[in-house]
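Input: a single structure, listed below in structure tokens.
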Amino acid sequence: MYTPAALATYCEDTMVDVTKWPIFSLMGPQELASIRKACVFGSSANEAIYITNDDEVFVFGLNCSNCLGTGDSLSTIVPKKLDFLSGRKVVSLSYGSGPHILLATEDGELFAWGHNGYSQLGNGTTNQGVAPVLVSANLLNKKVTEVACGSHHSMALTDTGEVYAWGYNNCGQVGSGSTANQPTPRRVSSCLQNKVAVSIICGQTSSLAVVDNGEVYGWGYNGNGQLGLGNNGNQLTPCRLVGLQGLCVQQIVSGYAHSMALTDEGLLYAWGANTYGQLGTGNKSNQLSPVQILTEKERIVEIAACHSTHTSAAKTQSGQVYMWGQCRGQSIVLPHLTHFACTDDVFTCFATPSVMWRLLSVEHDDFLTVAQSLKKEFDNPETADLKFCVDGKYIYVHKAVLKIRCEHFRSMFQSHWNEDMKEVIEIDQFSYPVYRSFLEFLYTDNVELPPEDAIGLLDLATSYCENRLKRLCQHIIKRGITVENAFSLLSAAVRYDAEDLEEFCFKFCVNHLTEFKNLVGYILI
């Protein structure tokens, strides 16, 4: 059952203020305003890389193992530009413990630099990478879409769903079937040979991949059960996590020695090391197989961890953020509700080291001034010059904003339309929550509705030819799909010609056929 409190809030990007990380505190307003993406990394969170609005790549910090890629081993408190990467659009970035860096571009190219004691740069040598170098061995004509780094091993995912791994292999984390280090990228085959991978992640010395049907495969070090196989023996080739059988996983993350998975129904599972309570089970006992946590909370929409910490975090559908594990030296064994707005804040404030768990998009206050002002004035009778009456309730708006933001209203407020002269416009074809949400979207770019109401908003967006709003509605519906509402959502997707949503709902139904049969049987009884 969907409760009023369980709302889905979606913005186009997940954005965070980079100045929350101390390493950025010396940068001036002009430099900060130029940052579009950023990542803080290193054993003490003392290195950083950022990408500007012009797709220039800058680095600064301690420069351990030449991880800044500046061509020398000197530290720098002043950002230096990596000219070799100028103009390349970065789509994925990851870092190891050495550290070494992997970076993938929009064109599918893969670059690496930094620590290379175990050939984790994939260039066939163990020489330090003092500057970014294109990784081409065994990847010619391959388009890399995602990268992941363990402590000293590397992985890459291609647009065709192939997984490549290389570097340190003492525990089988490269998945080659042996424990010999792998000097160049090698395709991970075995039971992944005929699978299409859609996501990859690394623990310190372990590897995980999700394939397109939602199955999870793991290989490498398993001494703490971080592969979730029901034992603690290392795995030299990929092995399916049978403990997640029947579930469709859409996101996986790994900490230092623990792992978590999020299903398409918003269920959270954890396994592996639990010395600091990072599994959130209420104790410190390792788990060799996946166990469900946060069972009494609302739907989970995002989980977070990274291989250099023992910290875990999760975000719910209504935006609540929980943290657990090692938090500033304390062991938090149960998920703790925070006042943070995003999982990234957990890592800057409580992780050790306070690294970023992903490549971040960056928010700028000066860019939000107009948007914040518009948001404040929505449904404000003091400044409004027009009101809509829906289900007997008024919504206060501004003609100028509606005309600027929506072609439908631009046409409506022409002199030959009767509505142009009215101070109150009656709306009877849509409900109050749907129409208010639509008008609020025109002021804020955000939509806040449960999936069932989002269907009505999808109808409105289709009628008004608001394609971006249609995409947002589809996103909310995807996040809110359940066995109970899947068929009605699929029907709505077909009715409103939302092909992407239709495919998603159909796939969900296929993945949960057994549950649908049980549900139908229960209803018939």
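All values below come from the heavy atoms of this structure, side chains included, with hydrogens, waters and symmetry mates left out.
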Side chains of [X] and [Y]: closer than 4.5 Å at any heavy-atom pair?
X	Y	value
V147	S154	no
H152	Q120	yes
M260	Y269	no
V216	L208	yes
L192	Y217	yes
M356	F41	no
C239	L227	no
V57	F84	no

### Query
Which pair of non-hydrogen atoms, one from T316 and one from E298, has the smallest distance, and what is that distance?
OG1-OE2, 2.9 Å
### Query
How close do T237 and S176 get, heavy atom to heavy atom, and via which atoms?
CG2-C, 4.5 Å
### Message
Hydrogens and angles aside, do N485 and S488 bring a side-chain donor and acceptor to less than 3.5 Å of each other?
### Response
no
### Message
Any salt bridge linking E109 with R88? Criterion: basic side-chain nitrogen under 4.0 Å from a carboxylate oxygen.
### Response
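So E109 pairs with R88 through a salt bridge.
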### Task
Going by the side-chain contact (heavy atoms from CB on, under 4.5 Å) test, name the single residue among V40, T352, T309 that passes it with F347.
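Checked V40, T352, T309 against F347; only one passes side-chain contact (heavy atoms from CB on, under 4.5 Å): T309.
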### Task
Kindly assign one of parallel, tilted or perpendicular to the pair Y256 and H310, based on the angle between their ring planes and the thresholds 30° and 60°.
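Plane angle between 30° and 60°, so tilted.
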### Message
Is the ring pair Y50/F58 parallel, tilted or perpendicular, if the boundaries are 30 and 60 degrees?
### Response
parallel
### Query
Run the side chain to side chain donor-acceptor pair (under 3.5 Å) check on S73 and N63 step by step: do they pass?
CA-CA 6 Å; S73 59; N63 203 16; 5.8 Å; no
### Query
Under 3.5 Å, is there a donor-acceptor pair between the side chain of N116 and the main chain of L121?
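Between the backbone of L121 and the side chain of N116 there is a qualifying donor-acceptor contact (under 3.5 Å).
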